[in-house]
Amino acid sequence: MIPFLSRLSSARATWRMLTATIAAVGAVAGSFAYAGLTPQFVGEPAATFVVDVMPAAIVNAVLDTLGSLAEPASFLLALTLVTVGLSIVVFGALQLEAVADVQYLAVSLSGGLVWLVTALATGVPVAAVAAGVPAATIVGVVEVAAARDPLSVRRDRTVDRSKRATLQAGFGTLSLSGLAYVAGRRRTPDSSVPYLDGGNRPPVAERALLTQAGDDAFDLANAPGLISEIGDFYTVDINTIDPIVEQEDWSLSITGSVDAEFDLSYDELRDRTADRFYSTLRCVGDDLNDREMDTAVWTGVPVTDLLEEAGPDESATYAVVHAVDDYWNTISREALERSYVVYGMNGRVLPREHGHPVRLLVPGNWGEVNVKWISEIELVDERRAGYWDERGWDGTGEVETVAKIWSVDHGDDGTVTVGGHAYAGLEGVETVDVSIDGGDTWTEAEVSAPLEGEPRDVWRQWRYSFEPTADSHEVVARAIDGTGAVQTEEPSGSKPDGATGWVSRTIDA
Ligand SMILES: Nc1nc2c(c(=O)[nH]1)N[C@H]1C(S)=C(S)[C@@H](COP(=O)(O)O)O[C@H]1N2
Ligand SMILES: [Mo]
């Protein structure tokens with residue numbers, strides 16, 4: 001047999017493959033230890049890739065079946081992909097070494113190639129060293145150990161000798177990966193967010209709103225108050241690892257059908273007169289009684305202030321709002337003119353997962369148009385499909401009215417208190433009706449005081465206590481909005497344009 005072909009024989013290749021996989025795991029671990037969950041981590045471009053290449057139908061099916069597990073699952077898939085990819089690279093280097101028959105060639109080659117691939121994928125050459133070095137080290141350790149092994153004197157024992165070295169390297173890498181995990185966790189940016197003016201509590205104006213909401217809130221079991229805490233506030237976005245945008249690197253461009261396009265820096269935005277207001281967000285994908293609905297105190301500048309400076313054309317009837325994560329969405333000119341570019345949440349700097357440093361807040365409309373990590377507002381003359389429009393959704397307009405039954409509390413005296421949150425967008429919630437007989441008879445629930453201010457886009461809490469007269473009661477709730485319109489009874493799922501119908505729960509006495 002031709003000598004170099006025998007060196008590529010399958011038995012040996014299997015062990016090279018294993019070495020390559022260990023080196024790839026080491027590279028991923030090294031990269032994580034250095035970068036944490038940031039875009040410099042080699043897993044992040046893979047995660048983006050997973051989301052981008054997966055057909056929309058699959059993404060939706062996965063989200064439906066896995067729910068909140070979808071994100072960790074897609075991250076695991078991304079990590080697997082990246083490990084397989086890098087191990088193919090290292091395997092290539094090992095095979096090349098065998099063909100060329102140059103001892104230790106694969107050490108520098110695999111280190112260099114892993115570095116190159118990581119640098120190209122992340123765009124950060126310096127951080128990519130943290131992936132290249134472990135890969136080279138692991139291949140080096142295996143090769144040196146193998147060369148030292150007395151059995152290796154005889155060429156044909158290559159498989160046996162590398163077996164031992166490879167297994168040792170494998171166990172070593174696994175234990176170091178544990179340390180890398182701990183290190184990477186510590187490098188992941190702190191999710192505790194500073195207060196807006198750098199103090200140790202919210203600035204006065206925000207504090208006043210937070211205090212008011214705190215005073216007016218019902219204390220409902222298993223449900224939030226009138227303000228959702230950062231950390232409890234739901235998050236929905238297309239990213240497995242959210243972008244990190246520094247304030248000093250951020251700018252917003254106003255472009256398209258305007259007299260004068262212009263860019264705005266973070267400092268320039270902060271210098272403008274800001275408003276503070278309550279506003280509720282709800283995802284169009286939120287199931288009827290689910291919890292993708294929350295409220296915060298937001299701090300930001302009305303978009304009309306920026307439009308005044310840009311001078312939009314008469315013909316500009318829509319705006320396409322772009323973001324750093326390649327997400328985009330379209331809203332009507334009318335919705336744009338009631339929007340805010342927001343940089344504060346509950347008196348704190350806008351957190352990373354909610355779009356740091358600046359997002360759009362569109363009072364009254366579904367969550368998906370509230371573009372996070374905003375980069376550009378492009379005025380256009382015709383409506384354009386947004387990210388979710390392209391995936392079969394129709395959720396850029398105003399929200400549906402809903403009363404949730406989130407809270408059921410059995411008192412010691414046998415009374416049952418049910419309650420929850422009701423939201424009707426810009427119309428506001430006027431009252432909530434409750435039925436404990438499946439909708440035959442209705443009573444007005446007690447509702448929390450309406451949080452004042454403009455816009456009026458904020459939920460209210462409701463609660464109702466009753467003495468059970470049967471083993472179980474079918475409790476139904478419906479909201480009535482500020483115009484007197486009753487929440488529609490007609491049931492529909494969330495796709496494409498938001499869930500409708502009345503929430504109903506069977507509650508045992
Ligand atoms: N840049 C960007 N903005 C985005 C999204 C996104 O994926 N990327 N998701 C949207 C969706 S579908 C919703 S419901 C809201 C959720 O905002 P939150 O995560 O702050 O609750 O953000 C919207 N803004
Ligand atoms: Mo959403």
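Counting convention: from 1, in listed order, for ligands and their atoms alike.
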Worksheet entry | N/O donor-acceptor pair under 3.5 Å between Arg456 side chain and Glu452 backbone | no
Taking only heavy atoms of [X], which atoms of ligand 1 are found under 4.0 Å from at least one of them?
| X | value |
| --- | --- |
| Asn370 | 22 (O), 23 (C), 24 (N) |
| Cys283 | 14 (S) |
| His354 | 18 (P), 19 (O), 20 (O), 21 (O) |
| Val371 | 3 (N), 24 (N) |
| Asp237 | 5 (C), 6 (C), 7 (O), 9 (N) |
| Trp388 | 12 (S) |

Any N/O of [X] closer than 3.5 Å to an N/O of ligand 1?
| X | value |
| --- | --- |
| Asp325 | yes |
| Val236 | yes |
| Trp373 | no |
| Arg359 | yes |

Taking [X] first and then [Y], would you say they form a salt bridge - that is, a charged N and a carboxylate O separated by under 4.0 Å?
| X | Y | result |
| --- | --- | --- |
| Glu378 | Arg384 | yes |
| Glu292 | Lys404 | no |
| Asp242 | Arg352 | no |
| Arg272 | Glu309 | yes |
| Arg383 | Asp389 | yes |

Worksheet item: Should one rank Tyr327, Trp328, Tyr234 by closest heavy-atom distance to atom 5 (C) of ligand 1, which comes out on top?
Response: Tyr327
Practice prompt. Just go through Glu368, Glu353, Lys372 and tell me whose heavy atom is the nearest to atom 12 (S) of ligand 1.
Written response: Glu368
Under a 4.0 Å heavy-atom limit, does [X] contact ligand 1 with its side chain, its backbone, both, or neither?
| X | result |
| --- | --- |
| Ala323 | side chain |
| Phe233 | side chain |
| Glu292 | neither |

Fill in: Shortest protein contact, atom 15 (C) of ligand 1 (heavy atom only)
Gly367 O, 3.5 Å
Worksheet item: Looking only at protein heavy atoms, which one is nearest to atom 7 (O) of ligand 1, and how far off is it?
Response: Ile238 N, 2.8 Å
Do you see a donor-acceptor pair shorter than 3.5 Å between the side chains of [X] and [Y]?
| X | Y | result |
| --- | --- | --- |
| Asp457 | Tyr423 | yes |
| Tyr195 | Asp197 | no |
| Thr295 | Trp459 | yes |

Discussion item. Please find the pair of heavy atoms, one from Thr483 and one from Glu427, that lie closest to each other, and give the distance.
Written reply: CG2-OE1, 3.3 Å
Worksheet item: For His356, what residues pass the ring pair (Phe, Tyr, Trp, His ring centres under 6.0 Å) criterion, not counting sequence neighbours?
Response: none
